Amino acid sequence: MSKRKIIIDTDPGQDDALAILLALASPEDLDVLGIVAVAGNVPLHQTLNNARKLVELSGRTDIKVFAGSERPLRQTLVTAEHIHGATGLDGPDLPEPTYPVEEKSGVQFIIDTLRTVDDVTLVTLGPLTDIARAFTEAPDVVGRVREVVMMLGSWRELGNVSPTAEFNAYVDAAATDIVLRSEARLTLLPLDATHKVISTPERMQVLRDMGNRTGPQAAIMLKASEAFDMARFGWAGAPLHDPCTIAYLLKPELFSGREVNVMVETESELTLGMTVVDWWKSTDRKPNATFMTEADGEGFYQLLFERLRRLP
Ligand code: RIB
Ligand code: CA
């Protein structure tokens, strides 16, 4: 596989953290052009701090970190401290970051990079505010994107932030709508896939016994953020949502799905942020995304462990 050039837009978040570490542990497969922090799980100043801490933890000093959007396009920001803790990255005792933040805004970085670099993949781990703003401010870049790979949405798994909506799609439903209608090449890793990738106690023990700093720190992160999903869904661990996007880039055969039409509810208070998946083609809406519903959980964790072992 030739190296994929990617930009990661993220709201760390412990599962975002594992995605970022997985990407940074895979330099032969992924050229991370930049990491853009966006408001989501916690406010922007904290997601930005957390992104800086994670790049420092990875030992990579070539990675550029940018500040993205601090609020959704229309909605008031809804955060998830009840899952991720007050800092958004509760658990590990990571030092206050000294890693630099680039002057340029994250949205401008996305626009400038898409205009000057061919074949770039956008990987989104949080609300789609930054991508929607880039596509709106610079419509010329939409056709230059190789693929937008998103942890976003749900179908049969319904919702995690509301009865019908997945958090990233919900927080900025207007941005989700802009991206889903953009005609860019879209690949979704929704709850239907990520709920098949559970950090069971056995898998957590592998992280603890990894023999480096990253493994145990990852286990501490996941322990600190698993309670909500375990209580709500009754699982033996929490799903590793965001790393599914990176695993898809590294080993696409771990996932399977279907080209379908996916739209999002932007008006109804009852179902705001619900992704409406036309799986059975009951409308004439043309397919606009690859929607992954299956994931090989065991294969995912073997990949994750193999790559995290490379980090300090
Ligand atoms: O619904 C799960 C998504 O919302 C993940 O990206 C998690 O980090 C939160 O942002
Ligand atoms: Ca996230």
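Any value given below was found using the heavy atoms of this structure, including those in side chains, with hydrogens, waters and symmetry copies removed. Order of appearance sets the numbers: ligands from 1, and atoms from 1 within every ligand. Note that the structure is a prediction, hence the values are computed from the model and not measured.
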Enquirer: Could you tell me which N, O or S atom of Asp242 is nearest to the Ca ion (ligand 2)?
Expert: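 Result: OD2.
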Enquirer: Tell me which N, O or S atom of Asp11 sits nearest to the Ca ion (ligand 2).
Expert: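 Distance check against the Ca ion (ligand 2) picks out OD1 in Asp11.
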Enquirer: Would Val101 and Ile20 show up in the same hydrophobic cluster when neighbours are defined by side-chain heavy atoms closer than 4.5 Å?
Expert: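 Both belong to a single hydrophobic cluster.
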Enquirer: Sequence neighbours left out, what passes side chain to side chain donor-acceptor pair (under 3.5 Å) with Thr121? Give chain and number order.
Expert: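 Only Arg4 meet the side chain to side chain donor-acceptor pair (under 3.5 Å) criterion with Thr121.
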Enquirer: Taking Leu18 as the fixed residue, which of Leu304, Asp242, Leu54 is the one that meets the side-chain contact (heavy atoms from CB on, under 4.5 Å) rule?
Expert: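 Only one option passes, and that is Leu304.
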Enquirer: Can you sort out the partners of Glu269 under side-chain contact (heavy atoms from CB on, under 4.5 Å), two or more places apart, ordered by chain and number?
Expert: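 Testing Glu269 for side-chain contact (heavy atoms from CB on, under 4.5 Å), a comparison that skips the adjacent residues, returns none.
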Enquirer: Got an N, O or S from Ala19 under 3.0 Å of the Ca ion (ligand 2)?
Expert: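 No, outside the cut-off.
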Enquirer: Show me, pair by pair, the donor-acceptor contacts under 3.5 angstrom made by side chains of residues 148-161, not counting sequence neighbours?
Expert:
residue	atom	partner	partner atom	Å
Ser154	OG	Leu158	O	2.1
Glu157	OE1	His195	ND1	2.6
Asn160	OD1	Phe167	N	2.9

Enquirer: Every pair of nitrogen or oxygen atoms between ligand 1 and the protein that is under 3.5 angstrom apart - can you list them with their distances to 0.1 Å?
Expert:
residue	atom	partner	partner atom	Å
ligand 1	1 (O)	Asn160	ND2	2.8
ligand 1	1 (O)	Glu166	OE2	2.6
ligand 1	4 (O)	Asn168	OD1	3.3
ligand 1	6 (O)	Leu125	O	2.8
ligand 1	6 (O)	Asn168	ND2	3.0
ligand 1	6 (O)	Asp242	OD1	2.6
ligand 1	6 (O)	Asp242	OD2	3.0
ligand 1	8 (O)	Asp15	OD1	2.6
ligand 1	8 (O)	Asp15	OD2	3.2
ligand 1	8 (O)	Asp16	OD1	2.9
ligand 1	8 (O)	Asn41	ND2	3.1
ligand 1	8 (O)	Asp242	OD2	3.1
ligand 1	10 (O)	Asp11	OD1	3.4
ligand 1	10 (O)	Asp11	OD2	3.1
ligand 1	10 (O)	Asn41	OD1	3.1
ligand 1	10 (O)	Asn41	ND2	3.2
ligand 1	10 (O)	Asn168	OD1	3.0

Enquirer: Restricting to non-hydrogen atoms, name the atom on Leu22 and the atom on Leu303 that form the minimum distance, rounded to 0.1 Å.
Expert: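 Minimum heavy-atom contact is CD1-O, 4.5 Å.
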Enquirer: Whether the Glu298 and Gln302 side chains hold a donor-acceptor pair (N or O, under 3.5 Å, no angle test) is what I'd like checked.
Expert: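 On atom types as modelled, these side chains qualify, holding a pair under 3.5 Å.
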Enquirer: Given the Ca ion (ligand 2) as the apex, I'd like the angle to OD1 of Asp16 and O of Leu125, rounded to 10 degrees.
Expert: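 Rounded to 10°, it measures 140°.
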Enquirer: Could you check whether the rings of Trp235 and Phe233 sit parallel, tilted or perpendicular, using 30° and 60° as the cut-offs?
Expert: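 Ring orientation of Trp235 relative to Phe233: parallel.
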